[in-house]
Amino acid sequence: MSKVITPRDTDYSQWYNDIILKAGLADYSAVRGCMVIKPYGFALWEHMRDQLDRMFKETGHQNAYFPLFIPKSFLSKEAAHVEGFAKECAVVTHYRLKNDPEGTGIIVDPEAKLEEELIVRPTSETIIWNTYKTWIQSYRDLPVKVNQWCNVVRWEMRTRLFLRTTEFLWQEGHTAHATSEEAIDETVQMLNVYAQFAEEWMALPVVKGVKSANERFAGAVDTYCIEAMMQDGKALQAGTSHFLGQNFAKAFEVQFADKQNKLDYVWATSWGVSTRLLGALVMAHSDDDGLVLPPKLAPIQVVIIPIFREASQKKIIDEKVKEFCADFKAREIRVVYDEDDSNRPGWKFAEYELKGVPVRIAVGARDLENSSVEVARRDTKEKMSVSVEGLADTIALLLSHIQENIYQKAMAYRDSHITRADTWEEFVDILETKGGFVSAHWDGTSETEDQIKELTKATIRCIPLNNPVEEGKCILTGKKSTERVLFARAY
RNA sequence: CGGGGCGUAGCGUAGCCCGGUUAUCGCGCCUGCUUUGGGAGCAGGAGGCCGCAAGUUCGAAUCUUGCCGCCCCGACCA
């Protein structure tokens with residue numbers, strides 16, 4: 001037993017870290033707050049990225065790339081925006097190093113001070129809107145629908161692998177439209193893309209909703225979000241889509257002439273998901289034996305492990321497995337045949353479970369005599385003997401069952417962790433004992449939300465879309481309310 | 001930035017109070033043989049500036065002071 005994972009019950013944070021480190025998704029780095037994403041973790045990210053990218057293209061977006069550095073003056077053009085990010089920006093002040101005349105080290109050359117300091121992008125609205133100004137003159141130039149995949153830096157006080165690191169990878173879409181309606185449609189469309197991706201690919205059920213003013217993106221008119229529920233009962237914001245109104249157009253003077261040759265400011269959106277999704281994926285499905293990955297995103301969907309005593313048996317197994325692999329690949333099933341002899345089968349079983357590989361196939365001489373193989377699924381730990389006839393079909397079907405099963409499991413957990421509270425005592429009790437989302441009435445004010453946060457550490461995660469109208473009284477103040485909102489403690 | 005831990009081989013650790021030959025053990029690594037259906041066994045072997053720097057001492061992993069780094073918990077945030 002070389003790799004032991006701390007059980008969830010013992011220490012949830014440690015369990016989470018153990019999974020990431022021991023499954024080989026990431027490592028800590030020499031830079032505080034920054035992580036190294038290892039090949040296995042990056043392969044997972046690539047699958048997510050590729051699918052999202054396809055979905056963005058299908059909805060009419062194009063990729064582009066904007067600079068890492070943003071002139072300091074840009075950031076301050078939109079008042080709410082600068083206030084939201086000012087506290088966590090890395091600033092470039094110099095452009096040259098030199099040998100320290102006092103010693104052996106290297107120092108910042110004081111003579112190489114930048115005239116205007118550069119901010120390492122925490123998000124790119126400002127540099128992009130400064131650029132859009134030159135792209136947009138007429139309604140014929142609209143809409144502009146651009147996305148970029150990049151890294152951003154937010155100097156957080158406290159970091160957590162994948163969930164919050166100083167530097168992280170993400171995509172940010174930035175669109176410009178002629179009308180408010182069209183921009184809102186775009187905002188909602190991208191929210192739906194995210195929700196569909198989370199549910200169909202990550203097997204992660206999410207609640208779609210709108211943020212309260214407190215939780216809104218700095219500079220947005222409305223922030224839409226998808227909220228997911230983790231196994232410890234804490235909520236995680238998995239993606240956001242913002243309707244920016246004309247805020248950035250006004251700040252950067254982006255106007256267009258409409259058909260009547262009247263000038264108006266353009267309407268904007270921005271939307272993003274990040275490597276944080278990897279954290280969500282880990283916390284949503286994994287167990288005390290390691291990662292559990294949804295087949296659609298798993299870098300390895302099927303691992304085949306040979307079991308043999310003699311070289312002659314191995315040869316027979318090799319030939320058969322070669323056929324299996326060809327069949328699997330023809331169906332675009334990502335398969336690995338692990339014939340490395342330096343580890344024994346038992347070791348491999350444990351290792352691939354730790355890495356969350358959805359399906360394991362053990363092939364021994366005994367199996368082949370019966371024209372069968374042993375198939376084990378990661379999600380249920382179930383083992384079964386399966387005929388080699390039509391194996392690729394069987395496995396393809398099994399993979400889709402696994403995808404569905406882990407989604408249903410996460411959904412059942414999530415649904416059982418949305419609890420209604422009608423009194424303050426109930427509200428506090430649910431947060432303390434059960435966790436999850438608490439559905440409760442709220443008087444709609446920031447002051448009340450702040451006070452609830454102060455008292456319980458819970459925040460409003462979202463006001464769900466298509467929320468039913470219901471007469472009620474605010475959980476804290478008793479004032480009139482017309483709908484319930486979802487509260488939770490969150491990451 | 002507050003509170004709590006921890007820095008000894010690639011990883012996890014013992015030793016530290018009470019200074020004293022060659023720094024402990026496990027995993028991993030290398031060689032060989034035996035093994036292979038749930039993290040193999042035996043034998044041999046390599047690997048250390050005990051986080052860094054000063055100090056005390058005949059002598060420091062151990063005592064003193066300073067510094068550095070990381071993790072966990074909180075405030076801030078995706």
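For clarity, every value in this text was computed on a predicted model and none was experimentally measured. Labels below follow one simple rule: chain letters A, B, ... track the order of the sequence lines, proteins then strands, and each chain is numbered from 1.
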Distance, rounded to the nearest Å, where Trp347(A) contributes CH2 and G28(B) contributes C1': 11 Å

Geometric class of the Tyr12(A)/Trp15(A) ring pair [parallel <30°, tilted 30-60°, perpendicular >60°]: tilted

Ser274(A) side chain, from C-beta outward: closest of A78(B), G37(B), C76(B): A78(B)

Residue Lys383(A), side-chain heavy atoms: nucleotide from G38(B), C76(B), U36(B) that is nearest: G38(B)

Nearest-angstrom distance, C1' atom, C18(B) to U62(B): 10 Å

Any Arg344(A) side-chain N or O less than 4.0 Å from OP1/OP2 of G37(B): yes

Nucleotide nearest Glu351(A) when distance is taken to its side chain, options G39(B), U36(B), C76(B): G39(B)

Whole-Å C1' distance, C49(B) and U31(B): 29 Å

Touch class at under 4.0 angstrom, heavy-atom based, for Glu156(A) against every strand present: base

Partner of Thr269(A) under side-chain hydrogen bond (donor to acceptor under 3.5 Å, both in side chains), chosen from Thr175(A), Asp222(A), Thr187(A): Thr175(A)

Sugar-phosphate, base or nothing in reach of Arg366(A), heavy atoms under 4.0 Å: base

C1' gap between G2(B) and U65(B), integer Å: 24 Å

Parallel, tilted or perpendicular, as decided by the 30° and 60° cut-offs, for the rings of Phe197(A) and Trp201(A): parallel

Short side-chain N/O contact from Arg309(A) to OP1 or OP2 of U36(B), under 4.0 Å: yes

Span that lies between the C1' atom of C16(B) and that of U8(B), in whole angstrom: 11 Å

C1' gap between G51(B) and G5(B), integer Å: 16 Å

Aromatic plane relationship, His242(A) with Phe217(A) - under 30° parallel, 30 to 60° tilted, over 60° perpendicular: parallel

Nucleotide of C77(B), C70(B), G38(B) approaching Arg32(A) most closely (side-chain heavy atoms): C70(B)

Sugar-phosphate, base or nothing in reach of Tyr28(A), heavy atoms under 4.0 Å: sugar-phosphate

Sugar-phosphate only, base, or nothing, as touched by Arg360(A) at under 4.0 Å among non-hydrogen atoms: base

Touch class at under 4.0 angstrom, heavy-atom based, for Asn17(A) against every strand present: sugar-phosphate

Integer-rounded Å distance: C1(B) C1' and Trp155(A) CH2: 16 Å

C67(B) to U57(B) separation - C1' atoms, rounded to the nearest Å: 23 Å

Touch class at under 4.0 angstrom, heavy-atom based, for Thr165(A) against every strand present: base

Sugar-phosphate, base or nothing in reach of Asp367(A), heavy atoms under 4.0 Å: base

Geometric class of the Trp267(A)/Phe243(A) ring pair [parallel <30°, tilted 30-60°, perpendicular >60°]: parallel

Side chain of Lys453(A) - closest among C76(B), C72(B), U36(B): C76(B)

Between C1' of C72(B) and CZ of Arg164(A), the distance in whole Å: 15 Å

Arg154(A) side-chain proximity, nearest of A78(B), C77(B), A75(B): A78(B)

Minimum-distance nucleotide (side-chain atoms of Pro345(A) versus C71(B), G38(B), U36(B)): U36(B)

Inter-nucleotide P distance (G69(B), G55(B)), Å rounded: 23 Å

Euclidean distance for P, G10(B) against G48(B) (whole angstrom): 8 Å

Sugar-phosphate only, base, or nothing, as touched by Gln14(A) at under 4.0 Å among non-hydrogen atoms: nothing

Sugar-phosphate, base or nothing in reach of Leu236(A), heavy atoms under 4.0 Å: nothing

Cation-pi check, Lys77(A) onto Phe74(A) ring (under 6.0 Å, within 45° of axis): yes

